[in-house]
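Below you'll find the structure, written out as structure tokens, and then a few comments.
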Amino acid sequence: MKEFQPSPGNASLVLAAHLSILAATVAVYAGVTSLDFVDFDDFLYVVDNEWASRGLAVDGVRRAFTETIGGYFAPVLWISFMLDITLFGTGPSGHHVMNVVFHALNAMLVLELLRRGTGHLGAAWGVALCFALHPVQVESVAWVTERKNVLSMLLGLVSIGAYASWTRHRAPTSYALSLLAAAASLLTKATFVTLPFLLLLVDVWPLRRLQASLRPDGMRRRIGEKLPFFALALAAAAGTYLAQQASGAVAGFTNLGFVLRVENAIVSYVRYLGLLAWPHDLAALYPYPSLLGHDMWGTGQVVAALGCLAIVTVVAVLRRARSPEVLVGWLWYLGALVPMIGLIQAGDQSLADRHLYLPVLGVLVALFYGLRPACERWIMAVRPRKVLAGALAGLALMSLGWRSADQVATWRDTLTLFEHAAAVTDENWIALNNAAWLRATCPDPALRDSERAVELAEEACRITRRGEPEMLDTLAVAYANAGRWREASATAREALQLTIARGDRAAQARMVERQRGIERRRAVRSERGCQRPSVGPSGDRSSENRQRIQGVADGSAQVLLKRERLPAEGFPRRTFQGVRLNDGRESSSYRPVSAECPGRMVVERPGGSPDARG
């Protein structure tokens, strides 16, 4: 089979293709400059990341390489956040803009790698533009925390490009660059643990260094070339698993049995294809009903999904000689999703839009390159068909762009994010609970809606069958802030009894304190997620927090500050260390014993109607 040869192409057309991708990406994501941080890991990774928030500094870099946050060892990620803060300040806009820049660079790298590898500018441009504009990519771009995805992808594509160059010239520097970029990608996010397998697929197509028949003699040589990549991937996978397990993020088999995980993985492969084909009702959270003991997928659904996957795989294998790009694209999709498909479950989600950021390339390659010969024959047969094909393609791309721009707006702030998720998904108790908390406790009267908070919290408790103390705690707060003190007290006692039954001492102490506050008719106010954090030029949030608290509480007021996890991330609550005030209350200078999840600041004050206190 003929070896890979780069295609120079028409320089002006290539430049126009790159500029069109850049312009389209910027146009679709122009709204990110108005997005806030969201209390969905952004506070953990950036806002409350004390050493990263000071900007790029030697101490910060040292700690990035020696500490974990949220169960992740991701020094390159932390350094990128530090650099953003050094360049743009502590606000969210700089982080959002850089995410868009990285996303645009990824799309242009996809274009260049495919163009050089295949010689087909049109198909490469179609893949890259759809990659840039598809709505499922919005979560990875509009969410500050998912810098992990866009930066890891950028470094992974650089590694693939350097590897392709090495296959042509055998320059040791190219191989070293590929290996270095792969390591940097894994130190950003472990998504590219599948890189050695993806490089084998690239060897089949478009590099054509390995026959699609995958003969054993050729496989041994190609695998041998990638042993350093396999070693990196193994180290990254083991390190990530151990860090996640230590933080409590990995769900044990007692919570989700292996059979349930396999069933969800099979169905999720098909569900992800559905999201790509019809990207509507996209949400930040798709909860895992099996966590509540509900049956998630019937046997018929699992068998049907498995049958669909088997049919596509058989067709791709049978056509491998004539269309190796279809087999490679399909295997890319299946393989790249393995780390995120849920066989090792982390968090409450059954699937997530962000998990498609890398796998979507395989589907797009299989579609655009697999259908290219037939489309060209159909278009070339009759001249007017060129106009029709162009119009249809333009309409499809405009639809993707419009849908993505609309999806960007759902990331405007924490409340918008959770209320949207609750509206477009069925029985999303996590989004309902978080939206209820924000509606109940936000100091801004324009956002606070006590009755709406009660409705949302009651629905979350109904879905969870009043079996989750987190949901009951939120409902108790919603009742209290609506002035329904008797119901609030009864619900707080119910949450406390559940917590005692589970033997969670830290949660029990919090529930006791909550019940006392309700009995004394203390309102609960939380600034978290309701407004942008106020930070000084030095990035020292602890001093700003102390100043804000001094402004809230006078000498007679009893103020309780807590860091409590919004239940969205699916991790257990953790205890926190703090400094005691003279009255025995806890101060704002908290440091998490096990930093793994963002917190929310709760200000409880005695007396008066909760709605009268902003």
Which heavy-atom pair separates Val76 from Ala184 by the least distance, and what is that distance? CG2-O, 3.8 Å

For a 4.5 angstrom cut-off between non-hydrogen side-chain atoms, does Thr313 reach Leu334? yes

Do Leu151 and Leu155 touch side chain to side chain, with heavy atoms closer than 4.5 Å? yes

Begin from the C-alpha positions of His355 and Gln349 and carry the test side chain to side chain donor-acceptor pair (under 3.5 Å) through to its verdict. CA-CA 11 Å; His355 293 168; Gln349 74 283 345; 4.6 Å; no

Ser80 side-chain N/O to Leu77 backbone N/O, donor-acceptor pair under 3.5 Å: yes

Straight-line distance of Leu111 CG to Ser20 OG, nearest 0.5 Å: 8.0 Å

Take Tyr369 and His120 through the test side chain to side chain donor-acceptor pair (under 3.5 Å) and record every step on the way to the result. CA-CA 9 Å; Tyr369 281 91; His120 297 291; over 6 Å; no

For Leu351, is there any backbone N or O sitting under 3.5 Å from a side-chain donor or acceptor partner on Ser268? no

Who are the side-chain hydrogen bond (donor to acceptor under 3.5 Å, both in side chains) partners of Ser178, not counting sequence neighbours? Ser159

Are Gln137 and Val360 close enough, and set up right, to give a side chain to side chain contact (heavy atoms under 4.5 Å, CB included), and what steps lead you there? CA-CA 9 Å; Gln137 308 291 54; Val360 70; 3.5 Å; yes

Donor-acceptor check, side chain of Thr33 to backbone of Ser93, threshold 3.5 angstrom: yes or no? no

Please report the C-alpha distance between Leu154 and Leu109 in whole Å, then the side-chain angles of each, then the deciding distance to 0.1 Å, and finally whether the side chain to side chain contact (heavy atoms under 4.5 Å, CB included) criterion is met. CA-CA 8 Å; Leu154 178 64; Leu109 267 175; 3.5 Å; yes

Any side-chain to backbone donor/acceptor pair from Tyr269 onto Leu337? Under 3.5 Å, distance only. no

According to side-chain hydrogen bond (donor to acceptor under 3.5 Å, both in side chains), who are the partners of His103, at least two apart in sequence or on a separate chain? Tyr357

Full working for side chain to side chain contact (heavy atoms under 4.5 Å, CB included) between Val97 and Phe88: CA-CA 10 Å; Val97 168; Phe88 308 111; 5.7 Å; no

How about Phe131 and Phe368: are their ring centres within less than 6.0 Å of each other? no

Separation of Arg170 CZ from Ser165 OG (nearest 0.5 Å): 11.5 Å

Does the Lys NZ or Arg CZ of Lys189 fall within the cation-pi geometry relative to Tyr72 - under 6.0 Å from the ring centre and within 45° of the axis? no

State plainly whether the residues Asp84 and Arg147 are in salt-bridge range, i.e. N to O under 4.0 Å. yes

When rounded to the nearest 0.5 angstrom, what distance separates OG1 in Thr188 from CG in Asn149? 10.5 Å

d(Asp353 CG, Gln407 CD) to nearest 0.5 Å is 7.0 Å

Could you point out which residue of Leu361, Thr191, Leu105 forms a side-chain contact (heavy atoms from CB on, under 4.5 Å) with Met153? Leu361

Could you check whether any side-chain heavy atom of Val363 comes within less than 4.5 Å of a side-chain heavy atom of Tyr272, counting everything from C-beta outward? no

Sequence-distant partners of His95, ring pair (Phe, Tyr, Trp, His ring centres under 6.0 Å), two or more places apart: Phe37, Phe81

Asn49 versus Ile69, closest heavy-atom pair with distance: ND2-CD1, 3.1 Å

Residues Arg221 and Glu225 bridged, charged N to O under 4.0 Å: no

Show the nearest heavy-atom pair for residues Gly31 and Val408, with the distance to one decimal. C-CG1, 4.3 Å

Could you tell me which residues satisfy side-chain hydrogen bond (donor to acceptor under 3.5 Å, both in side chains) with Trp166, sequence neighbours excluded, listed by chain and number? none

Test applied, side-chain contact (heavy atoms from CB on, under 4.5 Å); reference residue, Trp332; option that passes from Thr194, Leu327, Val202: Val202

How about Trp78 and Tyr45: are their ring centroids closer than 6.0 Å? yes

Is any side-chain heavy atom of Met82 closer than 4.5 Å to a side-chain heavy atom of Arg54? no

Do you know which two heavy atoms are closest between Arg115 and Ala124, and how far apart they sit? N-CB, 3.7 Å

Mark yes or no for whether Trp143, through its side chain, and Phe40, through its backbone, hold a donor-acceptor pair below 3.5 Å. yes

When every non-hydrogen atom of Gly161 is compared with those of Leu113, the smallest separation belongs to CA-CD2, 3.5 Å

Check side-chain hydrogen bond (donor to acceptor under 3.5 Å, both in side chains) between Arg354 and all other residues, then give those that pass, not counting sequence neighbours. Glu139

Does Leu400 reach the side chain of Pro135, with side-chain heavy atoms less than 4.5 Å apart? yes

Measure the spacing between CG of Leu234 and CZ of Phe230 and express it to the nearest 0.5 Å. 10.5 Å

Look only at the side chain of Asp48 and the backbone of Leu44, and say whether a donor-acceptor pair between them is shorter than 3.5 Å. no

Go through the steps for Tyr163 and Asp203 under the test side chain to side chain donor-acceptor pair (under 3.5 Å), then give the verdict. CA-CA 10 Å; Tyr163 172 80; Asp203 278 337; 2.7 Å; yes

I would like to know whether Ile223 and Lys226 meet side chain to side chain contact (heavy atoms under 4.5 Å, CB included); could you show each step before the answer? CA-CA 5 Å; Ile223 291 175; Lys226 298 166 186 63; 5.9 Å; no

Hey, are the side chains of Trp330 and Val315 touching, using non-hydrogen atoms and a 4.5 Å cut-off? no

Is the distance between the ring centroids of Phe197 and Phe229 under 6.0 Å? no

Shortest non-hydrogen contact from Leu133 to Leu397? CD1-O, 4.0 Å

Student check: side-chain heavy atoms of Leu210 and Trp205 closer than 4.5 Å: no

Applying side-chain contact (heavy atoms from CB on, under 4.5 Å), name anything that partners Val262, two or more places apart in sequence or on another chain. Phe258, Ile266, Leu343

Report the distance from atom CG of Leu318 to atom OG of Ser323, rounding to the nearest 0.5 Å. 11.5 Å

N/O donor-acceptor pair under 3.5 Å between Ser185 side chain and Ala181 backbone: no

Check whether any side-chain N or O of Arg403 sits under 3.5 Å from a backbone N or O of His134 as a donor-acceptor pair, and report yes or no. no

Test item: Val328 and Val365 side chains (from C-beta on) under 4.5 Å apart, heavy atoms: no

Under 3.5 Å, is there a donor-acceptor pair between the side chain of Arg222 and the main chain of Met219? no

Between Asp42 and Thr145, is the side chain to side chain donor-acceptor pair (under 3.5 Å) condition met? List the steps. CA-CA 5 Å; Asp42 283 354; Thr145 294; 2.5 Å; yes

